[in-house]
2 protein chains.
Amino acid sequence: MVTMRDVAKHAGVSIATVSFVLNDTKPVTAATRLRIEQAMSELGFRRNMVARALASRKTHIIAMAYPALDHRFGFSAAEFFTSAADAARKEDYHLVLWPVGNDGHELTELVGQGLVDGVVLMEVQLDDPRVGVLQRTGTPFALIGRTTTLEGLAHVDIDFDTTVEQAVDYLHGLGHRRFVMVAGDLTDPKFHNYGPFVRSEAAYRRVSAEYGVETTVLPCADSTRAGQGAAATLTRDHPEATAVLVLNEYAALGVVSGLNRLGRAVPADISVLSLLMAPDMAALSDPELSFMRTPGPELGQLGTESLIRQLEGADPLPPQLVPADLRIGASTAPPR
Amino acid sequence: MVTMRDVAKHAGVSIATVSFVLNDTKPVTAATRLRIEQAMSELGFRRNMVARALASRKTHIIAMAYPALDHRFGFSAAEFFTSAADAARKEDYHLVLWPVGNDGHELTELVGQGLVDGVVLMEVQLDDPRVGVLQRTGTPFALIGRTTTLEGLAHVDIDFDTTVEQAVDYLHGLGHRRFVMVAGDLTDPKFHNYGPFVRSEAAYRRVSAEYGVETTVLPCADSTRAGQGAAATLTRDHPEATAVLVLNEYAALGVVSGLNRLGRAVPADISVLSLLMAPDMAALSDPELSFMRTPGPELGQLGTESLIRQLEGADPLPPQLVPADLRIGASTAPPR
DNA sequence: CTGAAAGCGCTTACAG
DNA sequence: CTGAAAGCGCTTACAG
């Protein structure tokens, strides 16, 4: 292994000076800088990040904490992750995906080990215990999502109000007046107080009242099969509905295939609009879904930048709420 | 921050002794061990992994290298990742997902930094340049997949021969004699020499000849839309085919929906069998797909264990090939 | 069974 | 602008 000591000797300088050019942390004359750079490339030097981390107390590693065992790591999650990883790379950080439980226990272990400079927290609950862990341990973090109390927390999130309003407005504009929302299942302990479930349902109740449309909310797990079950339920119990909004992306696919199997034509008999979805996923449905596109790439980037700002001591990024945008597919049409 | 020095002082021993009980690396009397353990819990000591890594040259971090920008990180990939992360945790390692390009360049950067003890390589090409990088840098690694030359490489992979044979045997047993295989698209530079594409197609050609069935192979990108295109092609050019095997999971969904749209009933007019698929995904199709289940959980675990064995200097795990197992859904039936 | 000490490869005041 | 030296928090021969 080639160390800074080797480079220093080769270039005839001290290791301090090598460090200065490596980190651009003190002025160095062009001549010695050149000699050092040549030495580095001739010897094939690569700085040991572990030693740097120990000496500087900065690992330049950011963990994206994701409860991969409790919440499925699906299309949208992959979008958040890849855009966050990109944003980190541009700022000379590594972002790694760290699968942790959502009770805060594993997180305590991890941040205590000093391996990461900060954490991007995904799948946030309204009363998320992990936030307390991070605060208590003094770990810098940014939320992709929101807890209930937000004083001073760096966060970015989906703008559920605007998203739901746009969705309802679109369907209302097509002439629909009787809706069903297939919402998240908050009774599932794995989604206890899960922000997107609570906020989207609240937004829907408010907006549907504003528009004066009939409101029914069916909780539903996020799986194809559960979506198919919801399709059966709404067909049986709410045959008058002409439009369905579905929160979860896997459930949305199930609702469409369930309606197909029950012989209800989408969108001729009933329109289906997915409330939060990755584009790749909408294409899996037949007919192709109309959907509100989850701003995963945007939020992954913003959340990471927000964290890195803190790490670098720069001005904090203001919290941002980004709405999903409407993508019209083939699953929505005016009612009969 | 509480350090080993603090613990040692509190327990009235040297830091070496603390290290010995922490790592269980030398015998320590029960009495002093107890005192040290009490000191640790009283002080809330957590060992600094960065310092440990620098001193011991072991970070206990394993990177799963995935070309997330080139290959979609879908259902099956998520299965590999979560089972690998689990297996690592059980052995006191952290497995993190590291998005790297598949040309070996980024990988060189990463392993040179000394942050990871070893690498689990995903999405392996037959002549994968990343393997050379890992060998040259002396980085321990295990492949989930296989290159062409395998002398001494730790690897686990899908048993494509058995998988394809079981699939063909099943369809042949139903009475089918005229098949089409919708295969991977090797002309896409992102999938240049991609192992699963090459091996599954080769296996198919061999097995279909053995069974004396008619063989047609259509290359197809891995997307719903491409699958729908393949459905159109095979309907137009191979109307005599009674069974379709589809390699890629997204394409498989497209083939079914494409056939549906063309008015060809699945399975009454034509059977569809997906050759490698995650269970979650098969349920998305209508009718539900018959499929060969990708052994993602098994291979993620085996690949990680194989790497950890190397890191611990234990006997190497022998290479293993695991076949996908048949799951009969509603998309296959005897031919008319 | 336990301890003193060197060392892992860097960064960073401090001095010049 | 450059260097000598302390120190980051551990592990690990070596000695007793």
Side-chain angles (χ1 to χ4, degrees), chain A residues 1-37 39-40 43-61 92 111-117 311-313, chain B residues 1-37 39-40 43-61 92 111-117 137-138 311-313:
Chain A
M1 163 176 256
V2 182
T3 70
M4 272 175 48
R5 164 166 255 97
D6 301 322
V7 173
K9 192 179 303 174
H10 196 86
V13 297
S14 76
I15 62 168
T17 309
V18 177
S19 176
F20 298 153
V21 337
L22 214 44
N23 298 305
D24 203 24
T25 149
K26 291 214 178 167
V28 172
T29 46
T32 87
R33 153 167 281 120
L34 188 67
R35 256 186 306 139
I36 290 170
E37 280 165 351
M40 292 200 296
L43 299 176
F45 168 75
R46 293 182 184 288
R47 139 166 72 189
N48 182 313
M49 297 301 277
V50 175
R52 160 151 99 140
L54 182 59
S56 69
R57 286 109 216 272
K58 300 213 164 301
T59 63
H60 276 238
I61 298 180
D92 192 27
V111 301
Q113 297 180 151
L115 278 175
V116 301
D117 288 349
L311 296 177
E312 307 271 303
Chain B
M1 163 177 257
V2 182
T3 69
M4 272 175 46
R5 163 165 256 98
D6 301 322
V7 174
K9 193 178 302 172
H10 197 84
V13 297
S14 76
I15 61 168
T17 309
V18 177
S19 175
F20 299 153
V21 337
L22 213 46
N23 297 306
D24 202 25
T25 148
K26 292 215 178 166
V28 172
T29 48
T32 87
R33 152 167 283 121
L34 189 67
R35 255 187 305 139
I36 289 170
E37 279 165 353
M40 291 198 298
L43 299 177
F45 169 76
R46 295 183 181 286
R47 135 166 79 189
N48 182 313
M49 297 302 277
V50 175
R52 160 153 99 140
L54 181 59
S56 69
R57 285 110 217 271
K58 300 210 165 301
T59 63
H60 276 238
I61 298 180
D92 191 28
V111 302
Q113 296 179 153
L115 278 175
V116 301
D117 287 349
T137 56
L311 297 177
E312 306 271 303

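From a predicted model like this one, the values you see are computed outputs, not experimental measurements. Labels below follow one simple rule: chain letters A, B, ... track the order of the sequence lines, proteins then strands, and each chain is numbered from 1.
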> Can you check the M1(B) CE to dG7(D) C1' distance for me, whole Å?
Replying inline: 14 Å
>> How many whole angstroms separate atom CE of M40(A) from atom P of dG9(C)?
In response: 18 Å
> Can you check the K58(B) NZ to dG7(C) P distance for me, whole Å?
Replying inline: 21 Å
> Which distance, rounded to the nearest 0.5 Å, do you find between the CG of L311(B) and the OG1 of T59(B)?
Replying inline: 9.0 Å
Atom pairs, protein N/O to nucleotides 11-13 of chain D N/O, distance under 3.5 Å:
| unit_1 | atom_1 | unit_2 | atom_2 | d |
| --- | --- | --- | --- | --- |
| dT11(D) | OP1 | N23(B) | ND2 | 3.0 |
| dT11(D) | OP1 | R47(B) | NH1 | 3.3 |
| dT11(D) | OP2 | S19(B) | OG | 2.7 |
| dT11(D) | OP2 | N23(B) | ND2 | 3.4 |

> Would a distance-only check, ignoring hydrogens and angles, find a side-chain to backbone donor-acceptor pair under 3.5 Å from R46(B) to Q113(A)?
Replying inline: no
>> Quick check on dC1(C): is either OP1 or OP2 less than 4.0 Å from any side-chain nitrogen or oxygen of T17(B)?
In response: no
> T25(B) and S19(B): which non-hydrogen atoms are nearest, and at how many Å?
Replying inline: CG2-O, 3.9 Å
>> Between P on dG7(C) and CG on L54(B), what's the gap in Å once rounded to a whole number?
In response: 14 Å
>> Taking pairing as Watson-Crick or G-U wobble with both contacts under 3.5 Å, can you name the mate of dC14(C), or confirm there isn't one?
In response: dG3(D)
> Got a second to check how far R47(A)'s CZ is from N23(A)'s CG, nearest 0.5 Å?
Replying inline: 4.5 Å
> Distance from I15(A) atom CD1 to K9(A) atom NZ, nearest 0.5 Å?
Replying inline: 11.5 Å
>> By the 4.0 Å heavy-atom rule, please label M49(B) as base, sugar-phosphate, or nothing.
In response: nothing
>> Using a 4.0 Å heavy-atom cut-off, does V50(B) contact any base of the nucleic acid, only the sugar-phosphate backbone, or nothing at all?
In response: nothing
> N48(B) has an atom CG; how far is it from atom P of dC10(C), in whole Å?
Replying inline: 17 Å
>> Determine whether V21(A) and R35(A) satisfy the following criterion, side chain to side chain contact (heavy atoms under 4.5 Å, CB included), listing intermediate values before the conclusion.
In response: CA-CA 11 Å; V21(A) 337; R35(A) 256 186 306 139; over 6 Å; no
> What integer distance in Å separates L34(A):CG from dC1(D):P?
Replying inline: 16 Å
> Once you round it to whole Å, what is the distance between P of dC1(D) and CZ of R35(A)?
Replying inline: 15 Å
> Which sits closer to the 5' end of DNA chain C, R57(B) or T29(B), going by the nucleotide each is nearest to?
Replying inline: T29(B)
> Is the closest side-chain donor-acceptor distance between R57(B) and N48(A) under 3.5 Å?
Replying inline: no
